[in-house]
Chemist: 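Take this structure first; my questions come after.
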Amino acid sequence: MRVLPVSLGRSFNGLWFGTGAANLGDGMALFVLPLLAIAVDASAGGVAAVTAALTLAWPLFGLHAGWIVDRVDRRTLLSAVNAARGLVLGGVTAAFLADVLSLPLILVAAVLLGVAETLVDTALTSTIPLVVDPVGRSRANARIEATINVANQLAGPPLAGLLAGATLALATGASAALYVLAVGGVLVMTVRRPAAASADPPAAGRRRGELVAGFRFLWRQRVVRTLTLFTAAMNVVWAVAVSLLVVYAVDPGPLGLTAAQYGLLLTGMAVGGLIASVLVEPLRRWIGTTRLMIADAVGTVLFVAPVALDAGIWVVAAGAVVAGAGSSIWRILAGTIRQNLSPPELLGRLYSASRMISWGVIPASAALGGIVAELWGLRTAFVAATVLAVLVLAAFVPFALRTDLEAAVRGPADDEAPVVA
């Protein structure tokens, strides 16, 4: 009988702790920024613009982020960027307390946090294969995903909502402190550099080729390319939902929730994601990778359909739980497939190329959703998102059934892998 590893090593544990602290800060910051926009009297379009600004860095900076990650010490990079995020949120807190905060300032902070996210997320996913052997990668990805769900979605929103009940500055200040705390976990890591990586700057003529190397590899790798395109299509739906759900849910929206109650709604989605991330390995072995990934596409439909149908709070919450579960399953399995099919020296650039495509659609989608909501109403935006989600599901099912996704997730010699201490 195969025994799963109890520990994935000291370096992974440091990365794990840093990820937890930073994502708790993320969860609080992402929750409170739209509330800050509402506090400065932004319209529905202005609130959606905050979500767009948070993701604008992926299409504009994504390839550069991957190139940077593949060429620098990842421990130093993660430490510096988390410290910078703390400074940005500290500035937002100071501006709010001084009563000089405005929507443009919030948008600038959102763009800076988005740039930081491209670097941190790329470094995180490309560091896991450098501190964890192939046999432990699916487990490591599941553990990271569970931590992200607990910190970013399960604990972050309700904690931010609770603190925001006193003052929004308390929520942003706590988020800034958590980014600084994350630096401590990152500093205990020891990361081996891929053999092909070099700290020497390349000649100018080679730099452009290195920037797009991950994109070229992604486009030649059929499975990674197709999963990336499906992720992008589903992210169009998620962008509309995430950017506008707060307008539907929080008073004076149709559901009439308080900030704290809205945090609990997002917690329901995180609970689904947490349960899925804990159970993804046994579920994969029981029903298979293909069915699990199809379940995520179904969850995307259920995230937007209740609002399109003007459903009540319990139906909206149930859809959020299923959507959160499916999203976690997708990220774990697609991330493991990408890691197993990628050469180590291209991990950062391949991830950033994938994110540039799959997340590059989010700013425009969030902005378009805001425009539709302004011109034709909130429900119209969710109806359009629901129609797209159904079309994506119909296209993904035949691809998943004819592709051996299970072999890609297992990786080399997974069934014969030894016990890892």
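Here, residue 1 is the first one in the sequence, and each next residue gets the next number.
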Chemist: Leu36 and Thr172: side chain to side chain contact (heavy atoms under 4.5 Å, CB included), yes or no, with the steps?
Modeler: CA-CA 10 Å; Leu36 287 170; Thr172 55; 3.9 Å; yes

Chemist: If you count heavy atoms of other groups shown closer than 6.0 angstrom to CZ of Arg225, is the number above 12?
Modeler: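 Counting other residues, nucleotides and ligands, CZ of Arg225 exceeds 12 neighbours.
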
Chemist: Anything under 30° is parallel, anything over 60° is perpendicular, the rest tilted; go ahead and classify Phe399 against Phe396.
Modeler: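 Phe399 vs Phe396 ring planes: tilted.
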
Chemist: Where do Val240 and Phe382 come nearest, in terms of heavy atoms and distance?
Modeler: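 Residues Val240 and Phe382, closest heavy atoms: O-CZ, 4.3 Å.
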
Chemist: Which atom names give the shortest non-hydrogen contact between Val183 and Ser79, and what distance separates them?
Modeler: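 Heavy atoms only, the tightest pair is CG2-O, 3.5 Å.
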
Chemist: As an exercise, state the distance from CG of Leu30 to OG of Ser175, rounded to the nearest 0.5 Å.
Modeler: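 Rounded to the nearest 0.5 Å, the CG-OG separation comes out at 8.0 Å.
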
Chemist: Applying side chain to side chain contact (heavy atoms under 4.5 Å, CB included), run through Leu89 and Met28 and close with a yes or a no.
Modeler: CA-CA 11 Å; Leu89 264 297; Met28 297 177 67; over 6 Å; no

Chemist: I want to check something: taking the side chain as every heavy atom from C-beta on, are Glu117 and Leu54 in contact at a cut-off of under 4.5 Å?
Modeler: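 Result no, sub-4.5 Å side-chain heavy-atom pair not found.
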
Chemist: Could you walk me through whether Ser327 and Arg331 satisfy the side-chain hydrogen bond (donor to acceptor under 3.5 Å, both in side chains) test, starting with their C-alpha distance in whole Å, then the side-chain angles of each, then the deciding distance to 0.1 Å, before giving a yes or no?
Modeler: CA-CA 6 Å; Ser327 179; Arg331 287 195 298 267; 2.5 Å; yes

Chemist: On a heavy-atom basis, which atom in Met234 and which in Ala297 lie closest, and how many Å separate them?
Modeler: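 Looks like SD-CA, 4.0 Å.
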
Chemist: Would you name the heavy atoms of Thr231 and Ser358 that are closest together and state the gap between them?
Modeler: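 Residues Thr231 and Ser358, closest heavy atoms: CG2-CB, 3.6 Å.
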
Chemist: Apply salt bridge (charged side-chain N to carboxylate O under 4.0 Å, His left out) to Arg85 and list each qualifying residue two or more places apart in sequence or on a separate chain.
Modeler: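 By the salt bridge (charged side-chain N to carboxylate O under 4.0 Å, His left out) rule, Arg85 matches Asp26.
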
Chemist: Counting C-beta onward and ignoring hydrogens, is there a side-chain heavy-atom pair between Val392 and Val237 closer than 4.5 Å?
Modeler: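 Answer no - side chains too far apart.
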
Chemist: Does any non-hydrogen side-chain atom of Leu163 lie less than 4.5 Å from one of Phe31?
Modeler: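 They are not in side-chain contact.
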
Chemist: Less than 4.5 Å apart, any side-chain heavy atom of Ile313 and any of Leu265?
Modeler: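 In short, these two side chains touch, coming nearer than 4.5 Å.
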
Chemist: With a cut-off of 3.5 Å and sequence neighbours excluded, list every side-chain donor-acceptor pair involving residues 107-114.
Modeler:
none

Chemist: Begin from the C-alpha positions of Leu78 and Leu15 and carry the test side chain to side chain contact (heavy atoms under 4.5 Å, CB included) through to its verdict.
Modeler: CA-CA 9 Å; Leu78 285 167; Leu15 182 66; 3.9 Å; yes

Chemist: Applying side chain to side chain contact (heavy atoms under 4.5 Å, CB included) to Leu33 and Ile106, what does each step give before you reach the verdict?
Modeler: CA-CA 7 Å; Leu33 283 177; Ile106 296 171; 4.1 Å; yes

Chemist: If you define the side chain from C-beta out and look only at heavy atoms, does anything of Val47 sit under 4.5 Å from Val246?
Modeler: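 Yes, close enough: below the 4.5 Å cut-off.
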
Chemist: What closest approach, in Å, do Ala232 and Ile357 show between heavy atoms, and which atom pair accounts for it?
Modeler: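 Between these two residues, the closest heavy atoms are CB-O, 3.7 Å.
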
Chemist: Could you tell me the separation between the OG1 atom of Thr289 and the CD1 atom of Ile337, rounded to the nearest 0.5 Å?
Modeler: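 Answer rounded to 0.5 Å: 6.5 Å.
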
Chemist: Rounded to the nearest 0.5 Å, what separates atom CG in Asn23 from atom CG in Leu178?
Modeler: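 One gets 10.5 Å once the value is rounded to the nearest 0.5 Å.
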
Chemist: Within a strict 4.5 Å, meaning less than it, do heavy atoms of the Ser102 and Val40 side chains meet?
Modeler: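 Contact flag for Ser102/Val40 side chains = no.
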
Chemist: To the nearest 0.5 Å, tell me how far Arg284 CZ sits from Leu292 CG.
Modeler: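 Going from the CZ atom of Arg284 to the CG atom of Leu292 covers 9.0 Å.
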
Chemist: Looking at side-chain heavy atoms only, is the closest gap between Tyr262 and Leu255 below 4.5 Å?
Modeler: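 The answer is no; the side chains never approach within 4.5 Å.
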
Chemist: Search all heavy atoms of Asp296 against all heavy atoms of Trp330 and return the closest pair with its distance.
Modeler: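 Taking Asp296 first and Trp330 second, the nearest heavy atoms are OD2-CE3, 3.2 Å.
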
Chemist: Using 0.5 Å steps for rounding, measure from the OG1 atom of Thr228 to the CH2 atom of Trp219.
Modeler: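 If we round to the nearest 0.5 Å, Thr228:OG1 and Trp219:CH2 are 8.5 Å apart.
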
Chemist: Return the CG to CD1 distance between Leu103 and Ile38, rounded to the nearest 0.5 Å.
Modeler: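 If we round to the nearest 0.5 Å, Leu103:CG and Ile38:CD1 are 11.5 Å apart.
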
Chemist: Treating Arg74 as the side-chain partner and Val69 as the backbone partner, does any N or O pair qualify as donor plus acceptor under 3.5 Å?
Modeler: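 Yes, the answer is positive, given that a donor and an acceptor are paired below the 3.5 Å cut-off.
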
Chemist: Tell me, do Leu245 and Val307 make a side-chain contact under 4.5 Å, heavy atoms counted?
Modeler: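 When only atoms from C-beta onward are counted, Val307 and Leu245 do touch, with a gap below 4.5 Å.
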
